[in-house]
**Student:** 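I have a structure here, written as structure tokens, and I will follow up with some questions on it.
Note: hydrogens, waters and symmetry copies are ignored here, and every other heavy atom, side chains too, is used. Because the structure is predicted, anything quoted here is derived from the model rather than measured.
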Amino acid sequence: MNYWLFKSEPDVYGIDQLAKAPGQRCRWDGIRNYQARNHLRDDVKVGDLILFYHSSCPRPGVAGVMEVVQAAYPDPAQFDPESDYHDPKATEENPRWYALDVKLVKKFAQLLPLSELKAQPQLADMALFKQGRLSVVPLTEAEWRTILSLEE
DNA sequence: GCCAACGTTGGC
DNA sequence: GCCAACGTTGGC
């Protein structure tokens with residue numbers, strides 16, 4: 001069992017959209033960074049738990065928890081010339097980018113702000129802070145427990 | 001809108 | 001393989 005933090009811009013796709021989706025499930029796609037892709041493709045397993053993080057918005061922070069329901073498969077958007085995520089160098093035989101399916105476990109009653117995460121000495125070494133622009137971030141079990149304990 | 005950090009591209 | 005130029009992310 002591994003723990004992750006996935007970022008999304010709520011203007012594009014926020015936790016409320018996931019809450020309203022059929023079965024509260026969605027495809028997590030559009031990842032176009034190699035390090036994030038490698039995590040998605042190689043390390044993220046069915047049953048892993050994920051923090052849903054809202055980024056690039058007025059109130060950045062953790063909005064809730066998701067669970068992986070389908071492990072990585074080639075992201076269909078890379079083959080779609082109409083998509084913003086189209087990649088002309090990707091082929092069906094040799095895909096570059098991967099997506100996976102998640103479901104909502106719970107939406108936090110209140111968003112847990114980034115400022116509060118930063119205020120925790122136990123979280124000072126988090127990958128989230130060390131590598132600010134990675135959109136698929138691993139968490140240790142201790143970090144996971146610390147963050148969940150901050151949510152009442 | 002600004003800027004720091006860092007990833008990607010392309011010439012050589 | 002190096003590195004400058006450029007693009008993107010994301011907090012503020």
**Student:** Once salt bridge (charged side-chain N to carboxylate O under 4.0 Å, His left out) is applied, do any residues pair with R32(A), and if so which ones, sequence neighbours excluded?
**Tutor:**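 Counting only residues at least two positions away or on another chain, R32(A) forms a salt bridge (charged side-chain N to carboxylate O under 4.0 Å, His left out) with D75(A).
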**Student:** Each nucleotide in nucleotides 4-11 of chain C should get exactly one letter: B, S or -. Can you fill that in based on protein heavy atoms under 4.0 Å?
**Tutor:** -----BBS
**Student:** Could you name each residue pair satisfying ring-ring contact (aromatic ring centres under 6.0 Å, His included) that touches residues 14-36 of chain A, not counting sequence neighbours?
**Tutor:**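 Applying ring-ring contact (aromatic ring centres under 6.0 Å, His included) to every pair that reaches into residues 14-36 of chain A, excluding sequence neighbours, yields F6(A)-W28(A), W28(A)-F52(A), Y34(A)-W97(A).
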**Student:** Which pairs, with at least one residue in residues 108-137 of chain A and sequence neighbours excluded, count as a ring-ring contact (aromatic ring centres under 6.0 Å, His included)?
**Tutor:**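 For residues 108-137 of chain A: none.
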**Student:** What is the minimum heavy-atom distance between L49(A) and W144(A), and which atoms define it?
**Tutor:**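 That would be CB-CH2, 3.5 Å.
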**Student:** Salt-bridged, D16(A) to K107(A), with N to O below 4.0 Å?
**Tutor:**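 Counted as a salt bridge, because a side-chain N and a carboxylate O are separated by less than 4.0 Å.
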**Student:** Do any pairs count as a side-chain hydrogen bond (donor to acceptor under 3.5 Å, both in side chains) and have a residue in residues 120-131 of chain A, sequence neighbours left out, and if so which ones?
**Tutor:**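 Passing the test, one end in residues 120-131 of chain A: Q35(A)-Q131(A).
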**Student:** What nitrogen or oxygen pairs link the protein and nucleotides 1-3 of chain B at under 3.5 Å?
**Tutor:**
none

**Student:** If the threshold is 4.0 Å, N to carboxylate O, is there a salt bridge linking K106(A) and E67(A)?
**Tutor:**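 No, no charged N to carboxylate O under 4.0 Å.
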